[in-house]
Engineer: 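Once you've had a glance at the structure underneath, I'll fire off some questions.
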Amino acid sequence: MSSAPRTARGRATRDRILDSALKVFGEVGYHDASIVRITEGAGVAMGTFYLYFEGKLQVFNELVEDLNRRMRHRMTQAIAAAPNRLEAERAGFRAFFEFTTEVPQLYRIIRQAEFVSPEAMHLHYGRIVDGYRKALAAASDAGEIAPVDPEVTAWALMGIGEIIGMRWILWQEGSDGAPPIPDDVFEHTLDFITRALRPDKE
């Protein structure tokens, strides 16, 4: 059985393993990845790996959870000062695209999870949509956005963010890493969302 690290040094070691797993799974995919390759990238011994993870599937699952936590934290911080829901959407989408520019492997790993670990994929999307649905429901009730079905709207907005990011971030990734989303693409995306959500539309 793996165990959670109890010291700062242990947490740092575990984080190095997760960082290496991110690179390896992102580059070669789950099935071609190996624990040897992950440990080499992290600069740790095989025995050290097994202090923290039971095997390849567990490190994959915990990587999905770690990415999800980091992404949601980034977005939560970004929208904290937004004066209304439409501004929160702008800040949240900006934070999401910035995160996926920094970590474009997120797209590949979540798509792999559909086949490798459906439970991890469901956890990823479920945690996002749960908070999103509640925020949209509150904004709709307060008249900040149009009356909407909050769950359908949450899934639709997540889909927009994911596909736009894949097209203009992941698919444009080169030797220098992923590019930031173009300003005009971001503005057209947010204009579309604002038109769909604004409460005064005809």
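Predicted model only: the values in this text are computed from it and were never measured.
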Engineer: Do Lys134 and Asp130 sit within salt-bridge range, that is, some charged N less than 4.0 Å from a carboxylate O?
Structural biologist: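 Between Asp130 and Lys134 there is a salt bridge, with a charged N closer than 4.0 Å to a carboxylate O.
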Engineer: Using every non-hydrogen atom in the two residues, find where Trp168 and Gln172 come nearest and quote the distance to one decimal.
Structural biologist: O-CG, 3.6 Å
Engineer: Quick test of your reading of the model: are Asp19 and Lys23 salt-bridged, counting only N-O distances below 4.0 Å?
Structural biologist: no
Engineer: Quick one: pull up CZ in Phe49 and CD in Glu40 and give me the separation to the nearest 0.5 Å.
Structural biologist: 13.0 Å
Engineer: Does the pair Glu65/Arg69 count as a salt bridge with the N-to-O cut at 4.0 Å?
Structural biologist: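 A salt bridge is absent here (no side-chain N lies under 4.0 Å from a carboxylate O).
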Engineer: So, do Glu89 and Leu136 sit near enough that their side-chain heavy atoms are less than 4.5 Å apart?
Structural biologist: yes
Engineer: Under a 3.5 Å cutoff, is there a donor and acceptor pairing between the side chains of Glu162 and Tyr125?
Structural biologist: yes
Engineer: Do Met71 and His124 make a side-chain contact, defined as non-hydrogen atoms from C-beta onward lying under 4.5 Å apart?
Structural biologist: yes
Engineer: Could you report the tightest heavy-atom contact between Phe53 and Val59, atom names first, then the distance?
Structural biologist: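 Reported closest heavy-atom pair: CD2-CA, 3.8 Å.
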Engineer: Is the shortest side-chain heavy-atom distance between Asp32 and Arg37 below 4.5 Å?
Structural biologist: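 No, side chains not in contact.
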Engineer: Could you tell me whether Arg198 and Glu144 have a side-chain N and a carboxylate O separated by less than 4.0 Å?
Structural biologist: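 No, Arg198 and Glu144 are not salt-bridged.
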Engineer: Would you check if Asn68 and Arg72 make a side-chain contact, meaning some heavy-atom pair closer than 4.5 Å?
Structural biologist: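 A side-chain contact exists here, since the closest heavy-atom pair is under 4.5 Å.
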Engineer: Do you know which two heavy atoms are closest between Gly161 and Phe97, and how far apart they sit?
Structural biologist: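 Scanning both residues, the minimum pair turns out to be O-CE2, 3.4 Å.
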Engineer: For Phe186, is the NZ or CZ atom of Arg94 found under 6.0 angstrom from the centre of its six-membered ring and inside 45 degrees of the ring axis?
Structural biologist: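 Output yes; distance and angle both within limits.
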Engineer: Can you name the nearest heavy-atom pair linking Ala154 to Arg133, along with the distance?
Structural biologist: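 Residues Ala154 and Arg133, closest heavy atoms: CB-N, 4.1 Å.
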Engineer: Taking Glu102 first and then Arg70, would you say they form a salt bridge - that is, a charged N and a carboxylate O separated by under 4.0 Å?
Structural biologist: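 Salt bridge: no.
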Engineer: One pair to check against side-chain contact (heavy atoms from CB on, under 4.5 Å): Val64 and Met121. What are the steps and the verdict?
Structural biologist: CA-CA 8 Å; Val64 171; Met121 182 192 70; over 6 Å; no
Engineer: Testing the basics here: between Gln112 and Tyr30, what is the closest heavy-atom pair and its distance to 0.1 Å?
Structural biologist: OE1-N, 2.7 Å
Engineer: Do Thr39 and Ile17 come close enough that some side-chain heavy atom pair is under 4.5 Å?
Structural biologist: no
Engineer: Closest approach of Glu173 and Ala178, non-hydrogen atoms and distance?
Structural biologist: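 Taking every non-hydrogen atom into account, CG-N, 3.7 Å.
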Engineer: If the test is side chain to side chain contact (heavy atoms under 4.5 Å, CB included), which one of Ile193, Asp191, Leu197 qualifies with Arg195?
Structural biologist: Asp191
